[in-house]
Amino acid sequence: MKKLDSFSEELNESDFDYLIVNSDQTWRYGLSSRLDIGFLEFAKDWKTKKFVYAASIGIDRWEYRIRDEIKIKSLIKNFTGISFREIGTVKLAEEHLGVKGVFVLDPTLIIDKQYYLNEIKNYKNNFNHKEKFIFVYQLDNNKIIETFIKDSSEKLNLKINN
């Protein structure tokens, strides 16, 4: 296993037994249109086995442009195994890429319940309950929502916790 802080680092095929692309919105066009990451373009000529586990595009429509789709079809042929976390993504990949992926359980549901209970316990032990703030969970960037949050923070004199 090797952690990379940047794909500009020198990568050598001999450093890896397998390349595994992880799951959450791995293939969503708007979040990461860089084919070298999600579709392992940087390793397209490597003999190393390539897998994608529980790939997601996060939406029920295909957003890739035709030229990207053609490139992806070429890259995806290099994968040994492909699985998806959404049945909609299974259908889209088959329709647009000619890929028959396997539908698998969302990886967050594989972890034992005790893991989450410990996380909650640790959070409660380390959380300052007296300090108020605005908690924000926002999947997609949206200027209207961001402006509303900033204005609310200023009016209420509360910090923002993303």
Side-chain angles (χ1 to χ4, degrees), residues 1-7 9 11 15-44 46 48-65 68-69 71-129 131-142 144-146 148-149 159-162:
M1 190 178 303
K2 182 175 184 177
K3 182 180 185 295
L4 299 174
D5 295 317
S6 166
F7 274 87
E9 292 181 32
L11 297 177
D15 290 337
F16 303 95
D17 296 317
Y18 303 97
L19 293 172
I20 302 171
V21 178
N22 67 355
S23 64
D24 193 28
Q25 299 201 38
T26 300
W27 288 353
R28 181 156 180 196
Y29 177 75
L31 295 182
S32 178
S33 58
R34 291 185 54 196
L35 302 179
D36 60 330
I37 297 172
F39 295 95
L40 303 176
E41 183 178 27
F42 67 91
K44 67 183 175 191
W46 293 8
T48 308
K49 290 189 177 195
K50 300 168 188 76
F51 298 88
V52 62
Y53 178 74
S56 168
I57 62 170
I59 53 177
D60 286 333
R61 65 184 182 282
W62 191 252
E63 293 184 317
Y64 281 96
R65 298 172 293 199
D68 292 328
E69 188 173 309
K71 193 171 200 176
I72 293 167
K73 282 180 182 179
S74 159
L75 294 171
I76 209 160
K77 290 178 184 176
N78 296 316
F79 281 77
T80 301
I82 300 170
S83 62
F84 301 102
R85 67 161 56 185
E86 301 135 351
I87 197 71
T89 306
V90 172
K91 292 175 184 175
L92 288 169
E94 187 169 354
E95 180 182 328
H96 292 275
L97 303 175
V99 171
K100 291 190 182 239
V102 176
F103 178 55
V104 295
L105 187 63
D106 185 311
T108 62
L109 302 174
I110 295 173
I111 297 173
D112 185 87
K113 177 175 95 172
Q114 192 59 46
Y115 172 84
Y116 291 106
L117 293 174
N118 290 339
E119 287 295 308
I120 292 167
K121 181 180 176 185
N122 291 336
Y123 177 77
K124 285 181 178 179
N125 290 339
N126 296 315
F127 181 71
N128 179 353
H129 296 281
E131 181 182 352
K132 292 185 178 184
F133 58 89
I134 297 173
F135 176 76
V136 178
Y137 175 79
Q138 182 181 357
L139 183 58
D140 297 316
N141 292 334
N142 180 311
I144 295 170
I145 293 173
E146 289 169 10
F148 173 77
I149 293 166
K159 292 179 184 176
I160 299 169
N161 188 346
N162 287 304

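Keep in mind it's a predicted model, so treat the numbers as computed, not measured.
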Quick check on Phe103: does its CZ atom have over 12 non-hydrogen neighbours (other residues, nucleotides or ligands) under 6.0 Å away? yes

Please check if atom OH in Tyr18 has more than 12 non-hydrogen atoms from other residues, nucleotides or ligands closer than 6.0 Å.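 Counting neighbours around OH of Tyr18, 12 or fewer heavy atoms of other residues, nucleotides or ligands fall under 6.0 Å, so no.
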
For Ala54, is there any backbone N or O sitting under 3.5 Å from a side-chain donor or acceptor partner on Ser83?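 Between the backbone of Ala54 and the side chain of Ser83 there is a qualifying donor-acceptor contact (under 3.5 Å).
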
How far apart are the closest heavy atoms of [X] and [Y], and which atoms are they?
{"X": "His96", "Y": "Lys73", "result": "O-CE, 2.8 Å"}
{"X": "Ala43", "Y": "Leu19", "result": "CB-CD1, 3.6 Å"}
{"X": "Ile144", "Y": "Asn142", "result": "N-OD1, 2.9 Å"}
{"X": "Val52", "Y": "Asn22", "result": "CG2-O, 4.3 Å"}

What distance separates [X] [atom1] from [Y] [atom2], expressed to the nearest 0.5 Å?
{"X": "Thr48", "Y": "Asp17", "atom1": "OG1", "atom2": "CG", "result": "8.0 Å"}
{"X": "Arg65", "Y": "Ile72", "atom1": "CZ", "atom2": "CD1", "result": "9.5 Å"}
{"X": "Ile110", "Y": "Tyr115", "atom1": "CD1", "atom2": "OH", "result": "13.5 Å"}
{"X": "Leu117", "Y": "Gln114", "atom1": "CG", "atom2": "CD", "result": "5.0 Å"}
{"X": "Lys50", "Y": "Lys44", "atom1": "NZ", "atom2": "NZ", "result": "11.0 Å"}
{"X": "Lys100", "Y": "Ile82", "atom1": "NZ", "atom2": "CD1", "result": "13.0 Å"}

[X] vs [Y] side-chain heavy atoms within contact, under 4.5 Å:
{"X": "Leu92", "Y": "Phe84", "value": "no"}
{"X": "Asn78", "Y": "Leu40", "value": "no"}
{"X": "Leu11", "Y": "Phe16", "value": "yes"}

Geometric class of the Phe39/Trp27 ring pair [parallel <30°, tilted 30-60°, perpendicular >60°]: parallel

Do you see a donor-acceptor pair shorter than 3.5 Å between the side chains of Trp62 and Glu95? no

